[in-house]
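One structure is given below, encoded as structure tokens.
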Amino acid sequence: MSETAVAELPFLNLSDPSFSIRSQAVREARDQSWCARTPYGLAVLRYEEVGKLLRDPRLRQGSYAWPAHNQATGRFAEWWLAMLLNRIGEDHARLRRLANPAFSPKLIGALKPKFEALAHELIDGFAKRGTCDFMAEFSEPYATRVICILLELDQSEWRNLADIAGEMGLALGVTYKQDVARVNAATDRLYNYVQRVIAERRKRPPADDFVSLLLQANENKDTLSDQELDDMVVLAVFGGIDTTRNQLGLALGMFIDNPAQWQLLAEQPELARPAVEEVMRTRPTTTWVTRETMEDITVNDLPIKKGTTLHLFAESAGTDPAVFTPGFDISVKRMPHFGFGGGTHHCLGHFIARGDMTEALRILAQRIRNPRYDGAATWLPDSGNTGAVKLPIIFDPEPT
Amino acid sequence: MKICVDLVRCQLHGQCAIAAPKLFSFGEDGKLQWVEQVDESARREAEEAADVCPEQAITIED
Ligand code: HEM
Ligand code: HEM
Ligand code: SF4
């Protein structure tokens, strides 16, 4: 077989601040090839190859080098290297096995009524007004308070936690270098907070909530060390808040653009679960995940050198015309998407995220009728981890 | 008891092989392999695998 030359591949300039994962350039590149060059490694564009490479044991998660790439040091960089996402092989498997019971679908079922009550409480705050900033008044408090529910934290802590997660999130942005002191200070605050919670929880009788289940694994320090326990709780806070916040904002945006689908969801609330999947397929907050080759590999005749960064484009794979008929339709059965990644690092929090977003969308569609944009929304760049910053909407007010 | 995997739903994430390495593994050909008939002593491990599967493709029949 003849080898494909890298130089023949289309080029996508991911470094351009105006680069968009949904641009015509990406669509054309995907028509031309399964793979594109970027200023840093390769981008994988089609469903089949993204799926295969997510599960390929010759690749490792690619974000571990991110702080070093920014010449950043300190508390965040230390945590980043130690936490689950950046562990590999048997070490990753051990931590994942220990964390699994705390993320079990059985646990989530019991939380559903609490998610439902929370959604109603937040909507009560603006339903009669007929306007709101969806991010500030719904998706941010909802995503953060769901984590409070999961960790059994005081609900009044939510603002504090949301701010910490937001500041730590600067580490994933292109301005990490300038923000490194703020990022580390926020990481310190989160560790102090988590350690206080854990110390308090140790005094309680054993139960089967999230923190208690992790504490049980920690009874034998060789199984899960104190440090690893702290890292895991920090990951649940950091990994669970901004993702859910952003994904819910993107969901509402999709439905504003497709009003007949919102109407359909209001009429058939049982479609809330598939609606979550359809949103994450077409408008995932994690637009791509990063991998790095641990050896020389060949994919579809293309030789790829060891140490190459691969950006696996979840959005572009999720809208690949070879697999999906065009359009946004919550009533159609689709192939699985990659919005939660896949393979060994498949999102650990997906049962929680799917559970809380299903409740949120179901109740929102019931109560927020005819939503439209109210002036301009502001969005993060349409790349990396994306979402709305501000999403002002108007809708039919609930009768008083 | 018997472990069943719905191979239409299975997306080969391999989370079952992480949770229960004695029962699930990948063959040379990349296909999922699992122990079908297990005795009571493996119940906890089998249930753990069924629990974590992101596609909920694993069921246990008594
Ligand atoms: C809509 C919400 C969410 C989205 C879109 C999302 C997305 C993702 C993605 C794409 C990955 C894989 C990253 C990669 O392979 O490079 C991941 C991993 C992870 N997520 Fe989520 N996530 C969400 C919610 C949550 C929640 C609520 C939690 C915890 C409470 C959580 C905890 C984790 C953890 C611990 C990992 C690392 C797993 C590992 O490395 O084995 N996520 N998430
Ligand atoms: C020239 C090289 C690169 C460019 C232009 C680039 C660009 C970007 C952009 C635009 C984002 C989204 C930022 C945001 O959320 O505001 C991002 C996120 C991210 N990048 Fe890069 N990146 C580069 C190299 C790398 C490298 C070398 C790594 C790690 C080895 C990396 C790891 C990440 C991670 C972990 C995120 C967070 C979101 C995710 O996991 O998908 N990037 N990158
Ligand atoms: S965890 Fe589920 S989807 Fe993944 S390989 Fe096992 S059975 Fe298949």
Side-chain angles (χ1 to χ4, degrees), chain A residues 47-48 50-59 84 87-109 208 213 217 273 276-277 280-281 289 317 323 333-355, chain B:
Chain A
Y47 189 85
E48 191 187 332
V50 168
K52 264 206 311 235
L53 288 167
L54 269 173
R55 293 156 182 92
D56 194 317
R58 298 168 301 174
L59 309 185
L84 186 64
R87 299 277 191 116
I88 56 177
E90 185 43 43
D91 198 29
H92 171 264
R94 173 181 63 91
L95 283 178
R96 183 103 193 188
R97 271 196 293 275
L98 292 168
N100 273 334
F103 290 91
S104 152
K106 290 176 192 140
L107 214 69
I108 312 314
D208 58 2
L213 284 166
R273 185 69 183 70
V276 169
E277 304 306 314
M280 291 190 71
R281 176 181 77 80
V289 299
V323 180
K333 176 105 187 77
R334 308 276 198 185
M335 296 283 283
H337 58 77
F338 305 120
F340 288 114
T344 54
H345 293 285
H346 185 287
C347 178
L348 190 51
H350 75 102
F351 289 121
I352 302 163
R354 285 180 153 129
Chain B
M1 59 198 207
K2 187 165 177 237
I3 300 178
C4 308
V5 180
D6 179 344
L7 289 173
V8 177
R9 298 183 82 150
C10 171
Q11 293 295 318
L12 301 175
H13 295 297
Q15 290 300 334
C16 51
I18 292 178
K22 292 199 197 92
L23 303 179
F24 296 84
S25 61
F26 287 100
E28 285 290 318
D29 55 359
K31 287 205 178 110
L32 183 69
Q33 301 172 338
W34 70 97
V35 186
E36 279 192 29
Q37 288 293 341
V38 293
D39 59 39
E40 215 32 53
S41 65
R43 176 175 293 275
R44 222 184 64 98
E45 243 193 290
E47 280 180 352
E48 194 101 327
D51 237 30
V52 301
C53 171
E55 311 301 333
Q56 294 289 284
I58 303 173
T59 46
I60 296 162
E61 285 173 11
D62 287 296

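With a threshold of 4.5 angstrom between heavy atoms, A/Arg354 approaches chain B through side-chain atoms but not through N, CA, C or O. For A/Phe103, no part lies under 4.5 angstrom from a heavy atom of chain B. Contacts of B/Cys53 with chain A are made by backbone atoms alone, with heavy-atom separations under 4.5 Å and no side-chain atom involved. With a 4.5 angstrom heavy-atom cutoff, A/His350 touches chain B only via side-chain atoms.
Contact detail for B/Glu48 and A/Pro101: the closest heavy-atom pair is OE2-CG, 4.0 Å.
The main-chain N or O of B/Gln11 is found under 3.5 Å from a side-chain atom of A/Arg55 such that the two form a donor-acceptor pair. At least one donor-acceptor pair closer than 3.5 Å links the side chain of A/Arg97 to the backbone N or O of B/Ile18.
We find the NE2-NE2 distance between A/His345 and B/His13 to be 13.5 Å, quoted to the nearest 0.5 Å.
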